[in-house]
Amino acid sequence: MRPPALNAFFADIEGLSGIGKRNRALFDKLSGTRIRDMLLHLPTGLIDRRYRPSVAVAVPGSIATLSLDIIEHRPAPSKRVPYRVLTKDETGFLTLVFFNPRADWLRAQLPEGETRLISGRVEEYQGTRQITHPDYMVKPEEEGSLPLLETVYPLTAGLSGKVIRKAVLDALGQIPDLPEWHDAGLMAREGWPGFKAALTHLHSPETGHDIALDSPARRRLAYDELLATQLALALVREKVRKKRGRAIKGNGKLTAQIRAALPYTLTGDQEKALAEIMADMGGDRAMLRLLQGDVGSGKTVVALLAMATAVEAGTQAALLAPTEILARQHAAGIEKLAAAAGLKIAFLTGRTKGKAREALLASLKAGEIDILIGTHALIQDDVAYRDLGLAIIDEQHRFGVQQRLALADKAAHGIDVLGMTATPIPRTLTLTAYGDMDVSLIREKPPGRTPIDTRVVSEDRLSDVIDGLRRAMAQGARAYWVCPLVEESENSDLAAAEERYGMLAHVFGENAVGLVHGRMKGPEKDAVMEAFQKGDIQLLVATTVIEVGVDVPEASIMVIEHAERFGLAQLHQLRGRVGRGAAKSTCLLVRAQSVGEVARARLQVMRDTDDGFLIAEEDLRLRGGGEILGLKQSGLPEFRLVDFAAHGDMIPMANDDARLFVSKDPELKTERGQALRNLLYLFERDEGVRLMQSG
Ligand code: ADP
Ligand code: MG
């Protein structure tokens, strides 16, 4: 239940000054329809109209407010010439310029012989001062209606800044002061205003600096959002870890057999990650750890050794993958090594049905299966393990908190959970996306990889790309062709992919080309993937559904159309589909003919490095706080106020603050705890609160 003190924040904006049905609908598009939504929609600029010069000294280019006598209207003689109104003060003349105005309206606004306060940008044109389309023209006695300091809000068509300003001021009057949720020491050190004061400050600033990203009020609100996020994560973590785990210690027998069967030795990073995992498993709290490593960095073998350890300790292990294809690949990759240690492996997905499923569940319950690999079917209610000790979740971000908790419920004891992700995210953001987990990082790649030759080509050279592809395919090469993300809508993506498929099938022959997309059913998709895997198909046209982790070592060419539309993290993952085998691989980033400077720089980064973490950091740097494409899919929650470039420095602080607080007051019962509940609700990270109440 939301604390009643917050009701005013969650009240509807309809009825606020100037907000009827129509404007409410516009706000719905812009920010949302609750008072909280409106107040978190912050101004991005400030127009200062306090400069009140006389005409003679008004500086061209500046925004000024002048008191002017209207001398004469000079309507436009033709459409190509503007309508002019001649004015003056005691120091000189100034012309007001209008293009296609309604003349009668203008005459009413600016009657000849009267005085008006006019505000706008002063220009100099052919030796005279002028203002084109003034922002304000008011009677001297109505001076109060002219905002001398005017906040600028991001707008939506039909909604003016004036309407927003008025409604926001009204809304500010309706909200109560809330008890401070931040630590008093922190507030004093940073010189931050309270929550309401910060909102008030930002919506009615006095100088441009007041609304800058680094102003105290702005940083405070960003920290509010960061702390709310970290607090929710810390509460989830506490809930999962509250169950007493148990020490899972192996005897080293099975892992030694697997190591002996490996055709290579583990890299330093792999060994380090494994040691961290083993230490967690051996401890008596449940493990909650994320194994982060680029595509091809060798996470699978680390996972397998961890699972073998769980089996050595007499428990079972489960490996959960987001899709059937990925689950199958894991099973195939692990089977041979596991067989060397005599591990019993089974495979379960939604497609396992009837007798086969019953038999499988029975042997799982009896403990005849050591490792179960599959999709989310592994955590359905009727799937009972004899004793699940370790669960590994591949592509962890694709599973929600709910599914993670369902997994935790599979055993009386806390289960050790290891997430895996191949989405490299900038170090500054790791805590934001995965603040509830401890992180092990594999950065070093296994030796012996040939770097991928990456080139950026303009789309007007598409025929060269196709010629090159023809030559390579004649030699037996296999290639991916990724089609552009057209819009949000899957339909238009699909249409584009189908069209491209048609064209390429025409060029290379129907039998050599296949198409996969998100609308295809599992078996259909698998059939095409299998044909590509076997080499029956040489060119695979795809929307971005080519799953992370799909492994066809023979594929050596990756073509990505409209590469500028993808997030760098996404491009990096797509590129990671090639360069997995012995053949020298190529990645062609096809870009639109004309692209902006940032897009150019981003593609350049792709050409220059293959380090996923470097790429992620560069992407963040180049795009700043803007929408971080590709990171959305990495499980990063949505932020309204945090600009990662400007506020990223506060993330570790928020993480420490949240973890420390939850360890002292896990139920949020103390005075500060109660105040922090408000924070969770305000920023809609209330899953944290809900969790506490349900368990
Ligand atoms: P990830 O799951 O992290 O994308 P994989 O576990 O699939 O990566 O490993 C990619 C490839 O690298 C596999 O073929 C694996 O056998 C191989 N590999 C893993 N570790 C090493 C190592 N230390 N030395 C050489 N090759 C390795
Ligand atoms: Mg893998």
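Just so you know, these numbers use all the heavy atoms, side chains as well, and skip hydrogens, waters and symmetry mates. Both counts, for ligands and for their atoms, begin at 1 and track the order of listing.
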Query - Thr265, portion touching ligand 1 at heavy-atom distance under 4.0 Å - result: backbone

Query raised in the report: What heavy-atom pair brings Thr309 and Ile248 nearest, and what distance separates the two atoms?
Result: O-CG2, 4.3 Å

Query - Minimum side-chain heavy-atom gap Ile557-Met473 below 4.5 Å - result: no

Query raised in the report: Considering Ala303, Pro263, Gly296, which one's heavy-atom position lies nearest to atom 10 (C) of ligand 1?
Result: Gly296

**Report entry** Distance-only N or O hit between ligand 1 and Gly298, under 3.5 Å
**Finding:** yes

Please output the side-chain donor-acceptor pairs of residues 332-346 that fall under 3.5 Å, not counting sequence neighbours, one pair per line with the distance.
none

Query raised in the report: Counting from 1, what ligand 1 atoms have a heavy atom of Asp294 closer than 4.0 Å?
Result: 3 (O)

Report task. May I ask you to check whether Gln292 and Ser440 show a side-chain donor-acceptor distance below 3.5 Å? Result -> no

Report summary line: The atoms of ligand 1 lying under 4.0 Å from a heavy atom of Leu266, numbered in the order shown, are 23 (N)

Query raised in the report: Is the shortest distance from a heavy atom of Ala422 to ligand 1 less than 4.0 Å?
Result: no

Query raised in the report: So, does Gly293 sit close enough to ligand 1 that a heavy atom of it is under 4.0 Å from the ligand?
Result: no

Query raised in the report: Just checking, any donor-acceptor pair under 3.5 angstrom between side chains of Ser556 and Arg478?
Result: no

Report task. Kindly confirm or rule out a cation-pi arrangement of Arg685 over Phe639, judged by NZ or CZ under 6.0 Å from the six-membered ring centre and within 45° of its axis? Result -> yes

**Report entry** Any donor-acceptor N or O pair under 3.5 Å, side chains Asp387, Gln316
**Finding:** no

Query raised in the report: Counting heavy atoms only, which of Gln573, Gln270, Lys299 comes nearest to atom 3 (O) of ligand 1?
Result: Lys299

Query - Contact atoms of ligand 1, heavy-atom distance to Thr300 under 4.0 Å - result: 2 (O), 5 (P), 6 (O), 7 (O)

Requested in this report: Could you list which atoms of ligand 1 come closer than 4.0 Å to a heavy atom of Thr267?
Outcome: 23 (N)

